[in-house]
Amino acid sequence: MRALWRRLGWLLRGGEFVLALAIVVALWHGLSIWVGKATLVPPPLLVARAWIALLGDTLPEDALASLGHLAGGYGFGVTTGFLLAIACTRFATLEAIIDPLIELLRPIGAIAWIPLAILMFGIGTGVPIFLIFYASMFPVFINTLAGIKQVDRRLVQAAQMLGAPRRMIVTHVVLPAALPLVLSGARLSLGVAWASMVAAELTGSDAGLGWRIFWYQEFFAMDRVMAVILTIGVLGYSLDTLLRGLQRALTRWSPDSEAATR
Amino acid sequence: MTQTQRTLLPLLFFTALIAAWEIAMRGFGQAGLVPGPSGIVVAALRTLGDGSLWSATAGSLQRVAIGFAIGAGLGIPLGLVMGMLAPVNRALSPIVDSLRSIAPIAWIPMALLWLGIRGNAALFIVAYAAFFPFVVNTIQAVRLIDRNLTHAARALGAGNWLILRAVVLPSAIPSILTGARISMAFAWGSIIAAELAMGIKVTSGGSAAVGLGQLMVSTLYIRRDVDALVLYMIVIGLISLGIDLLMRRLQRTLTPWRQA
């Protein structure tokens, strides 16, 4: 049995993914034939055709709108979390106040803010940007705080002994040493930000990929709905891969870089 | 900073914050338009009294439990297979990764079509959200198993099935439980998202609010009760805290040899 697997594995090495993809697509196609309704389970070919049609239609503007929401909310959230954490390590009083506040707010997930955000900002770009901001702030804050706290004291002391000024210690010792944790916080943030973005666009926005899903559902164009859903997956995956590449490039020196970027 | 200062300072700050909030709200004559602490307490007493909060919370929690069980039932076996057989892992992991990148909530139109609004569409979303942390953590768990253990078992004549049962599963449990904790958190977030989306987008005539999300939507659009809205947010936060505590305790009781 093992020998068989090994031989099969040898044969399929590299081609496994293609094979698995083919099987999944075949199963999907079979399912849609078995169900017999193209609206209920749109066959893969139809979805592919819808996707190509969408490329020349609404998909670019929706993706741009979504990425715009993400850029605004994520950029703002990550910056806030990062700066807040740095301020907290500098001023102990601030940390004594902010840390419990964060721990109180964090369990109330971004999703729970949707109704209040709709009330505050109305249906529009405000809801997704606020939700993404809220969702992406916490992981970066928590990881930056932990990252700065676990910096080896001896490194800081060595720099001090060599006469480095405070600013230089921060930029050349503390921040680089904290970078791996900060970046993995940024990646965690991106994951929750992406999910929150879709939820916010579905419920409280008038643009973006999430909003477009329901737009096509109203026309019962389920092949287009599927095409948009798959686009959300591919875009989310690409963004994570991008950030993982950045993480790998910037923290190659770190001993746990290999584990973190897997 | 001393320990007493560390506990007193935030307490003082929060009391001042809540007092300032209440005074500002009343001072500007915004009671009922802007949520306020006293209004939240009143809303809590009212919704607990008439049972609407209880039934909605119970409905949401029930779906989370079922969806979580489905996610575990499908995710753990797949993770075991992918972790133990490298070719399967290489073949499936790009597919799993890209499906994982689809926010669960994006499936809601399809789920509504397939399963209807009677709670089952939300169930699909929850199961989808709970599934992936189980897969990822189980793969990780199997990968991290000490090769010496499996080799020793094989040298002693154990078959694949016995190795799975006696070596792989017990050593994988701590990491699977970590996956369970993440799954549970995802599941709780997704049920609220799914119920909100269903409540907002599906205008079904006279269907009673069946979960916290739908309750929030009807509070927002029909009753316009901002105090209750904030109360529900607090309830959501408390429940996710409770879930996390419960899962941590479970982890500690089930794997006492791990000091996590």
Side-chain angles (χ1 to χ4, degrees), chain A residues 1 5 8-9 12-14 16-17 19-21 23-24 39-41 92-93 96-97 99-101 104-116 118-119 192 194-199 202-204 209-210 213-214 216-217 222 225-226 228-230 232-240, chain B residues 1 5-7 9-11 13-14 35 85-88 90-95 97-110 112-114 129 160 185-186 188-190 192-193 196-197 199-201 213 216-217 219-221 226 229-230 232-234 236-241 244:
Chain A
M1 188 63 195
W5 264 115
L8 261 177
L12 298 173
R13 197 166 294 265
E16 293 132 334
F17 169 59
L19 184 77
L21 196 66
I23 292 175
V24 167
T39 41
L40 214 50
V41 181
T93 321
I97 291 170
D99 207 37
L101 188 65
L104 274 178
L105 283 178
R106 197 162 62 106
I108 305 177
I111 304 289
W113 282 87
I114 288 178
L116 209 60
I118 292 176
L119 207 58
V192 281
W194 189 249
S196 311
M197 181 197 80
V198 176
L202 270 169
T203 49
L209 291 166
I213 291 178
F214 267 127
Y216 282 128
Q217 197 214 9
M222 299 323 272
V225 170
M226 277 301 292
V228 178
I229 291 176
L230 292 180
I232 289 174
V234 171
L235 259 182
Y237 184 64
S238 321
L239 283 173
D240 186 58
Chain B
M1 200 181 295
Q5 271 177 315
R6 278 191 82 86
T7 44
L9 196 63
L11 224 62
F13 176 75
F14 287 129
L85 305 171
V88 178
R90 276 198 302 273
L92 288 185
S93 71
I95 295 174
D97 275 344
S98 41
L99 282 178
R100 190 158 65 104
S101 303
I102 301 178
I105 187 70
W107 285 102
I108 196 132
M110 302 310 287
L112 281 169
L113 194 65
W114 293 331
N160 279 333
F186 277 16
W188 180 241
S190 312
I192 303 297
L196 279 172
I200 288 176
K201 293 291 179 179
M216 283 179 106
V217 173
T219 311
L220 170 67
Y221 282 119
V226 281
L229 218 50
V230 176
Y232 299 148
M233 287 168 64
I234 294 172
I236 289 171
L238 285 177
I239 290 176
S240 61
L241 262 184
D244 195 58

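Residue numbers start from 1 in every chain, and the chains themselves are labelled A, B, ... in the order their sequence lines are given, proteins ahead of strands.
The choice from A:Ala195, A:Ala110, A:Ser196, A:Pro115 that makes the most heavy-atom pairs within less than 4.5 Å of chain B is A:Pro115. Residue with the most contacts toward chain A among B:Asp97, B:Leu11, B:Ile192: B:Asp97 (heavy-atom pairs, distance under 4.5 Å). For the set B:Thr7, B:Leu220, B:Ile108, the count of heavy-atom pairs under 4.5 angstrom toward chain A peaks at B:Leu220. Here A:Ala199 is the residue among A:Gly109, A:Ala199, A:Gly204, A:Ser238 with the most heavy-atom pairs under 4.5 Å with chain B. Options A:Ile97, A:Val192, A:Ile213 differ in how many heavy-atom pairs under 4.5 Å they form with chain B, and the most are formed by A:Ile97. Of the listed residues (B:Gly237, B:Ser240, B:Ala91), the one with the most heavy-atom contacts under 4.5 Å to chain A is B:Ala91. Note: B:Pro94 leads B:Gly189, B:Ala197, B:Pro94, B:Ala129 in heavy-atom pairs under 4.5 Å with chain A. When each of A:Val198, A:Ile118, A:Ile229, A:Thr203 is checked for heavy-atom pairs under 4.5 Å with chain B, A:Ile229 comes out on top.
For a residue to count as touching a neighbouring chain, one of its non-hydrogen atoms must lie under 4.5 Å from one of that chain's; by this rule B:Phe186 does not touch chain A. Neither the backbone nor the side chain of A:Leu209 comes within contact range of chain B, judged by heavy atoms closer than 4.5 Å. Only the side chain of B:Val230 has a heavy atom closer than 4.5 Å to any heavy atom of chain A. Heavy-atom distances place no part of B:Trp188 under 4.5 Å from chain A, backbone and side chain included. Both the backbone and the side chain of B:Leu113 have a heavy atom closer than 4.5 Å to some heavy atom of chain A. Contacts of A:Leu101 with chain B are made by both backbone and side-chain atoms, with heavy-atom separations under 4.5 Å. In this structure, the portion of B:Phe14 lying under 4.5 Å from any heavy atom of chain A is its side chain and not its backbone.
The side chain to side chain contact (heavy atoms under 4.5 Å, CB included) test applied to B:Ile95 returns A:Phe17, A:Ala20, A:Leu21, A:Val24, B:Leu92, B:Leu99, not counting sequence neighbours. By the side chain to side chain contact (heavy atoms under 4.5 Å, CB included) test, B:Ser101 pairs with A:Tyr237, sequence neighbours left out.
Of all heavy-atom pairs spanning A:Ala112 and B:Met233, the tightest one is O-CG, 3.3 Å. Between A:Ile232 and B:Ala103, the shortest heavy-atom distance links the atoms CG2-N, 4.2 Å. Of all heavy-atom pairs spanning B:Leu9 and A:Ala96, the tightest one is CD2-CB, 3.9 Å. Of all heavy-atom pairs spanning A:Pro107 and B:Leu241, the tightest one is CG-CG, 3.6 Å. Shortest non-hydrogen contact noted between A:Met222 and B:Pro109 is CE-O, 4.1 Å.
To the nearest 0.5 Å, atoms CG (A:Leu230) and OG (B:Ser98) are separated by 8.5 Å. Here CD1 of B:Ile236 is found 8.5 Å from CD1 of A:Ile108. Values are rounded to the nearest 0.5 Å. The line from CG of A:Leu235 to CD1 of B:Ile102 is 11.0 Å long, rounded to the nearest 0.5 Å.
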